[in-house]
**Student:** 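Below you will find the structure I want to go over with you.
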Amino acid sequence: MTDVRGERLQIMLSPEEMTVLDDFRFKHRMPTRAAAVRELLRLGLTVAPTDGDGQKSSHYGVFNRGSDGHREEA
């Protein structure tokens with residue numbers, strides 16, 4: 001695989017998701033957040049795929065979310 005990256009992907013993360021990403025990055029001594037995201041993407045693609053079943057993107061957060069996409073209170 002070449003190291004040419006011609007596409008940009010922009011995502012929005014909650015503060016909690018950013019903390020988890022940064023913790024992963026520092027634990028694995030990765031140079032950038034982008035490197036951590038690429039590694040997590042690579043790891044995620046190695047597990048069994050799931051059927052999206054028409055879900056909204058808000059249903060794919062790192063933490064439990066309610067039906068409206070917001071965090072559920074404990």
**Student:** Can Ile11 be reached from Leu40 by stepping across I, L, V, M, F, W or Y side chains whose heavy atoms are under 4.5 Å apart?
**Tutor:**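 Yes, because Leu40 and Ile11 connect within a single hydrophobic cluster, where side-chain heavy atoms sit under 4.5 Å apart.
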**Student:** Does Val37 belong to the same Ile/Leu/Val/Met/Phe/Trp/Tyr cluster as Leu43, with side-chain heavy atoms less than 4.5 Å apart forming each link?
**Tutor:**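 Yes, it is one cluster - the side chains of Val37 and Leu43 are joined through contacts under 4.5 Å.
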**Student:** In terms of hydrophobic clusters joined by side-chain contacts under 4.5 Å, are Phe26 and Leu13 together?
**Tutor:**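 Result: no, two separate clusters.
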**Student:** Kindly state each residue pair satisfying side chain to side chain donor-acceptor pair (under 3.5 Å) with at least one member in residues 23-36, sequence neighbours excluded.
**Tutor:**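 Checked against side chain to side chain donor-acceptor pair (under 3.5 Å) - neighbours excluded - the pairs reaching residues 23-36 are Asp22-Arg33.
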**Student:** Side-chain heavy atoms nearer than 4.5 Å, only ILVMFWY residues, links allowed to pass through others: does that put Met12 and Leu9 together?
**Tutor:**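 Cluster IDs for Met12 and Leu9 differ.
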**Student:** Does Arg42 have any side-chain hydrogen bond (donor to acceptor under 3.5 Å, both in side chains) partners at least two apart in sequence or in another chain, and if so, which?
**Tutor:**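 side-chain hydrogen bond (donor to acceptor under 3.5 Å, both in side chains) list for Arg42, sorted by chain: Glu39.
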